[in-house]
2 protein chains.
Amino acid sequence: MTQTSSQDATAESLTLAETSAPSRRELNKAATRSSIASAALDLLRSNGPGNFTVEDIAATAGVSRRTFFNYFPSLEAALASVADGFMDHALEQFRLRPAEESILESAQAALMALADPMSVAPMAELFSLTQDNRQLARSELEAWEHCTAQIIDAARSRLGEGISELYLHALAGSVISCGKAAMTVWFIERGPDLSAESLAVLRQHLIDAMGLLGAGFAPPSNAFSTATTASPSVPTTKDRF
Amino acid sequence: MTQTSSQDATAESLTLAETSAPSRRELNKAATRSSIASAALDLLRSNGPGNFTVEDIAATAGVSRRTFFNYFPSLEAALASVADGFMDHALEQFRLRPAEESILESAQAALMALADPMSVAPMAELFSLTQDNRQLARSELEAWEHCTAQIIDAARSRLGEGISELYLHALAGSVISCGKAAMTVWFIERGPDLSAESLAVLRQHLIDAMGLLGAGFAPPSNAFSTATTASPSVPTTKDRF
DNA sequence: TGCAAGTTTGCACTGTGCGCAATTTTGAGC
DNA sequence: GCTCAAAATTGCGCACAGTGCAAACTTGCA
């Protein structure tokens, strides 16, 4: 969330410095960072949540405890970097969508672009492993929140500065909530099943959730349909923007 | 959020809440609990976030450090109990709404019922004091999340068991997001201003946010009456200014 | 090659969270 | 009133989180 070093294309540095400045030092740092993160994920897998310490992670990654804290402010942050990767990927997809498309459609497309095993697997794994742990679940919430903030920025620049902040916040928050809902329900239904069939379900949930949002959650009666066919795209009430 | 057995610290609502077991012991526990929570809030006020310890809270509340941990699992949890009180209050209002009303209307009404100084003041204060603190912000997120779960339950029992889980999760999440957005924007605009005029702004934001949600976030600059006949909910008064 | 800047590490210290057992308080029955 | 068991509080110890600091080490550039 905070310490995702890679995508901080904020104020001062140019975008091209980002793309073509893989100095030796930077590469080493990135490697260390990712080795710490994957060590944390390994331990989460093998030991389960709450059953390993920062010292364990550091040892597994081959660095000192102190170095761990140079990279991540907490154990949870190291794991959250996995979720951050997923979210950043989604944001990237979102920003690539054509500007004339509606926010909801862009969000739908961006989320669906991630419904492949390569992208969703680590996220789903985190999801399953953090279900019953307070600290870890909090980090996950923070990652979603961070993503919401990014969407607000992206939507603001797309819709123009004159747009109401309330509109931006409410829209971005709702989009993220629906994405989260789709993943949550998918996980409840399928568990950590990453088969193509299961991912199709996730994909459909994402479509449906955005559809519900675009329709203002209007007819609860419609929501009974598990009809996976009846959601071609974000509904019609808003395709004028 | 977890341990909200007797959610209200302030004096008045004990009468109707504690009908079942007002034993002496329970009352004492509740008193201790609330004295710890308010000690925490006092210290947050006077010292600022991150500048006091559990030991300080315990001392202020007149109990031992260990006793603090008997009541709250962490410093943040003690502060979060304030937010929990607010949320629980909102949930209570929500459940009191007539069953035939739409979820959005009920949510709007419930949130608006809390837009009075008595209810919103502690929440707003927390909001302002936790803005720049990781741990505390996380607790706040968790409180919202907990409230979402409650809404899901309430909505499920209102709409019937047959309703799709995706619908429930997406709806509840979006409602909470919009409430959160309204408060966030309000706070950005007005800071911790609790005047009647300021609260009217908050109230209007809550109305507007639910209106946007009910209208599927139709293009903002559009007057847009009657998106669909199926969405009679929440009068779309977003053209008020 | 040498040096300045950047990175890793050990050390020390404060604080968290919780298990455990001793101690005190409480409330109900006698 | 008194007694006693249940419940609450407390002190203590322990493992672990996080952070400042300075010493050691590595990297890149002149």
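Both backbone and side-chain heavy atoms feed into the values below; hydrogens, waters and symmetry mates do not. Chain letters run A, B, ... following the sequence lines, proteins first, then strands; residues in each count from 1.
For the residue pair Ser64(A)/Thr67(A), the side-chain donor-acceptor check at 3.5 Å is satisfied. Between the side chains of Ser198(B) and Trp186(B), at least one donor-acceptor pair of N or O atoms lies under 3.5 Å.
When rounded to the nearest whole Å, the span between CD of Glu76(B) and C1' of dG17(C) equals 11 Å. Separating the CG atom of Leu27(A) from the P atom of dT26(D) is a distance of 19 Å, rounded to the nearest angstrom. Distance, Arg33(B) CZ to dA8(D) P: 13 Å, rounded to whole Å. As rounded to whole Å, 17 Å separates atom P of dA5(C) from atom CD of Glu26(A). Atom CZ in Phe68(B) sits about 11 Å away from atom P in dC18(C), given to the nearest Å. Distance, Ile57(A) CD1 to dG18(D) C1': 14 Å, rounded to whole Å. Distance CG (Asn51(B)) to C1' (dG15(C)): 14 Å, rounded to an integer number of Å. Separating the CZ atom of Phe69(B) from the C1' atom of dA8(D) is a distance of 18 Å, rounded to the nearest angstrom.
Under the rule for a side chain to side chain contact (heavy atoms under 4.5 Å, CB included), the partners of Ala109(B) that lie at least two apart in sequence or sit in another chain are Arg97(B). Listed by chain and number, the residues in a side chain to side chain contact (heavy atoms under 4.5 Å, CB included) with Asp116(A) are Met118(A), Ser119(A) (sequence neighbours excluded). Residues that satisfy the side-chain hydrogen bond (donor to acceptor under 3.5 Å, both in side chains) test with Thr184(B), not counting sequence neighbours, are absent from this structure. Judged as a side-chain hydrogen bond (donor to acceptor under 3.5 Å, both in side chains), and not counting sequence neighbours, Gln93(A) has no contacts. For Phe86(B), there are no ring-ring contact (aromatic ring centres under 6.0 Å, His included) partners, not counting sequence neighbours. Residues satisfying the side-chain hydrogen bond (donor to acceptor under 3.5 Å, both in side chains) test with Asn28(B), not counting sequence neighbours, are none. In terms of the side-chain hydrogen bond (donor to acceptor under 3.5 Å, both in side chains) criterion, Ser35(B) has no residue partners (sequence neighbours excluded).
Between Asn28(B) and Phe52(B), the residue whose closest nucleotide on DNA chain C is further toward the 5' end is Phe52(B).
Counting only heavy atoms from C-beta on, Asn70(A) has its side chain closest to dT9(C) among dT9(D), dT9(C), dT19(D). The nucleotide whose nearest atom lies closest to any side-chain atom of Thr53(B) is, among dT16(C), dT9(D), dA17(D), dT16(C).
Contacts between residues 59-67 of chain B and DNA chain C, defined by a heavy-atom separation below 4.0 Å, involve Arg65(B), Arg66(B), listed by number.
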Can you pull every protein N or O that's under 3.5 Å from an N or O on nucleotides 5-7 of chain D?
{"residue": "dA6(D)", "atom": "N3", "partner": "Arg25(B)", "partner atom": "NH2", "Å": "3.4"}

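Phosphate contact (OP1/OP2 of dA8(D), side-chain N/O of Tyr71(B), threshold under 4.0 Å): absent.
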